[in-house]
Structure formats: C-alpha cells, structure tokens
Student: 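The structure's right below; bear with me while I get my questions together.
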Amino acid sequence: MHVRVVLFAMLREQKGVSELELDVAPGTTVGGLEARLYPSRQSGSVPGKLLYAVNQAYVTRDHELQDGDEVAFIPPVSGG
Amino acid sequence: MHVRVVLFAMLREQKGVSELELDVAPGTTVGGLEARLYPSRQSGSVPGKLLYAVNQAYVTRDHELQDGDEVAFIPPVSGG
Amino acid sequence: MVEITEEPIDIGAVIASVRYSGGGAVVTFLGTVRDNDEAGEVIALEYEAYAEMAVAQMRGIRAEIETRWGIDHVAIVHRVGRREVGEVSVVIAVASPHRLQAFDACRFAIDRIKEIVPIWKKELYPHGSQWKQA
Amino acid sequence: MVEITEEPIDIGAVIASVRYSGGGAVVTFLGTVRDNDEAGEVIALEYEAYAEMAVAQMRGIRAEIETRWGIDHVAIVHRVGRREVGEVSVVIAVASPHRLQAFDACRFAIDRIKEIVPIWKKELYPHGSQWKQA
C-alpha cells in the first residue's frame, strides 16, 4: 500500500523535498515508518521529540497506516 | 475665599448646573463643603459614597481648601 | 496616547501608537456598548467625564504599569457622549516583549479605569434611565 | 474567521468579525516579529505551516474555548512566509459579554497555538539562521 509523507521545517530541509511517496507493508505503524525514514537520528538534524499526524490529525506512534494516508512528522511547533 | 465646584453625573443633574462658584471661610475642609452642599442626603439623589478631588487630584475629606481651588465630588465611577 | 474624546476611536491608530520593534506581544482591550445589563435591555449609554482629571488618572495608570511591569508602551482612549449598542467606548493597547506581561498589564488597565478614572455612564432603557453606580 | 495566509492581516477585519451586540468586551492579541530573542539580534522570521492541519487545529482551539467559556466569537489568523521585524504574524480576537472571560480565552488561544498548531518559524540572524524549537 501507498502513503504520502509531508515534510516541514527542518525535516523538509533535511530531506530536500516537501513530500515523499512511499510503499509500505500493511500493518505498518507511524512509528515503523519513522524508523524507516530516520534510522539513526543525527544530532541536530531531527529534533528529539516528534509528534505524528495522519490525515491532518494527531495520532500516537502505534497508529496503523492505511492505504492513501497522508503522514506528517511534526517537529516542535513554534507559531505565534 | 473663593472656590469652584464642578458637578458630574447625578450630582450635576440634581443641582441642574455643572459648576457652582462659592465663597468659603478659610480653613474649610472638603468635608465641610460637602456638608454645606448636601446637608441631608435624600435617598437616591446623592450616592452614599463620594470621593473628593481638588484641582483634579483625589484628596481626603479633611483636606483644607485654598482660594481658587477647583473641587469635585466624585460619585462611584463607571467608565469602560 | 491618552485621550478622552467625543469622536469615534480609530482602533488601528491606537494599536499603531504602542507598536515598536521590541514589542512582540500587543494586547488590546475594546469596551463596547452591550445590549443588556443586570437591569435588562439597554438601548444606549451616555458617558460623561471629568475630562482633565480623567486624563490625569489615565496617565497615572500608565505610570503604575511602568512601575509594575516596566512596560512603557500603553495607550488608553475613552470615548464619551451618547453611545449606541455595539459602539466602542474604550480602547486600551499594551505592547511588551512577552505576552503574559502584556495581558496582565492590559487587564490591570481596564480594572483600574473602572476604579479610579472619573467617568460615569447612564444606562438608557426602553423605559427610563439610570446612572450606573459601580 | 480562521485562516492561514501569506497576505498582510487586516487587523480591523479580524476584530470586526467577532463583534456582536452582546459582546461588551473584545480582547485582541497581536504577535509581531521582535528584533531580538534569546539567541540575540533577529532580522526576520520565516514561518512555515502545515496549512490544512493548522486550520483544523485552530478550529479545535475555538471549540475548546466554546466548551470552557461558552464563547463562540473567536477569530484566529496566522500569517506565514518571511516576516520582517515589526510585522504582524498572528491576530487573535475574542468577544464576550464580560472582560475576564475574554482575557482568559484570548490568552488560552495564543498559548494553545504555540502548543498544538503545526506552524514553525526559522529565526534569521545577521549571521546564520535556526529553526526555533519550542
């Protein structure tokens, strides 16, 4: 199955793109996808604490992905 | 000596004028002037609790008036 | 900017008067004429001020804010005369580097106005009217 | 009114959108770009948003305010893109019958924006830049 990952801020800059299209196995969780995209977190390149969103709503790390999902890893927000 | 009393809100309406010019004896206090202007407070016509101002600054009831002073009796304020 | 005025208040101008490059937070309070009060339906308010003293007291509130929070970007403009429902009677704007202080100082300003600034309002009802006491 | 925009925010229009005849108190928060931060001199900020989700989260904040205070006159507009010192990045307006609730709800809104709305800012310094982390 297929998911779209949207990237923002330092995550976008780090990958050099704002979206990724990926094939994932059924049953893949958000956390599993994170481990695949960020196998080893280099100091400074990815914030220590990410939140997760699927289809524009926050989810927990163990949320299972569905075909067609839009997934976002949310670095610490700093609006205002 | 001579003082000017400025009247506002219900006090102005009650006297029908916005200013009074009065001769007062030296040593007259703000409280003394109040007693002269409002010898008996009729229910509703004068608020129970007035503050006092001389030359546009709050003073206490025992403040002694000087010639030329501008005196105000301040009903409960309700700006905003 | 500290004023008592009969004219409509230019909200944008009041806000602009407090903005500065170090003031990341600007908190504004607008008081408008409500269509009701404890006494029931209100059709308009009549504001009356002891104008010179009111301005002096509002300057005093600015000084209190500077003492308490070190904030010296504060504007207070109060409109007087007959004000219909929905019209703006008072605008307060406070700018400071941080938002908590701006909120606290702005709230303090409107609280103090209602305590010490010689302005009075008469509530006009469908039948009758009354000077608001406190 | 709940928006993410690249355009200048019309502060008057945001305030006007929350005013109503029963709302005697209108509290507004403006966030503007400060010329300094912990890291020192700031020359500009670059805001980036996950726009659709940010709008959804801001609507959620409005719903939280309605639940907590019963206030349903709330507007939130956040501007994104490169913002120079002094420019307005966010405007929040809250109208309610009484001022304490309006102040509390407005402060809650900006606090929550900084907690849950997916917007990020990069601080541009005279030499270098950095994504702000919280």
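Residue numbering restarts at 1 for every chain, and letters A, B, ... go by the order of the sequence lines.
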Student: To the nearest 0.5 angstrom, please state how far the OG atom of A/S78 sits from the CD1 atom of D/I113.
Tutor: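 Answer for the OG-CD1 pair, A/S78 versus D/I113, is 12.5 Å.
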Student: How far apart are the C-alpha atoms of D/W131 and A/L11, what are their side-chain angles, what is the distance that settles it, and do they pass the side-chain contact (heavy atoms from CB on, under 4.5 Å) test?
Tutor: CA-CA 10 Å; D/W131 288 100; A/L11 300 185; over 6 Å; no
Student: If you take all heavy atoms of D/I116 and A/V77, which pair is closest and at what distance?
Tutor: N-CG2, 4.1 Å
Student: Checking D/A54 against chain A: side chain, backbone, both or neither under 4.5 Å from a heavy atom?
Tutor: neither
Student: So does A/G80 get a backbone contact from the side chain of D/Y47, meaning a donor-acceptor N/O pair under 3.5 Å?
Tutor: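 Yes, the answer is positive, given that a donor and an acceptor are paired below the 3.5 Å cut-off.
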Student: Walk me through whether A/K49 and D/Q133 qualify under side-chain contact (heavy atoms from CB on, under 4.5 Å).
Tutor: CA-CA 10 Å; A/K49 194 168 190 299; D/Q133 303 215 15; over 6 Å; no
Student: Please report the shortest heavy-atom distance between D/A49 and A/F8, naming the atom on each side.
Tutor: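 Result for this residue pair: O-CE2, 3.6 Å.
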Student: Please report the interatomic distance CD(D/Q57) to CD(A/Q56), rounded to the nearest 0.5 Å.
Tutor: 10.0 Å
Student: Minimum heavy-atom separation for D/Y50 and A/I74, please, with both atom names.
Tutor: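 In terms of heavy atoms, the two residues are closest at CD2-CD1, 4.1 Å.
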Student: Shorter than 4.5 Å, heavy atoms on both sides: which option in D/E46, D/K122, D/R79 has the most such pairs with chain A?
Tutor: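 Most pairs with chain A among the choices: D/K122.
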Student: Between D/W120 (side chain) and A/P75 (backbone), is there a donor-acceptor pair under 3.5 Å?
Tutor: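 Pair found, side chain donor or acceptor close to backbone of A/P75.
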Student: Side chain of D/E48, backbone of A/A9: donor and acceptor closer than 3.5 Å?
Tutor: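 Indeed, once roles are kept as given, a pair shorter than 3.5 Å links the two residues.
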Student: First locate atom CG of A/N55, then atom CD of D/E52, and finally report the distance between them rounded to the nearest 0.5 Å.
Tutor: 11.5 Å
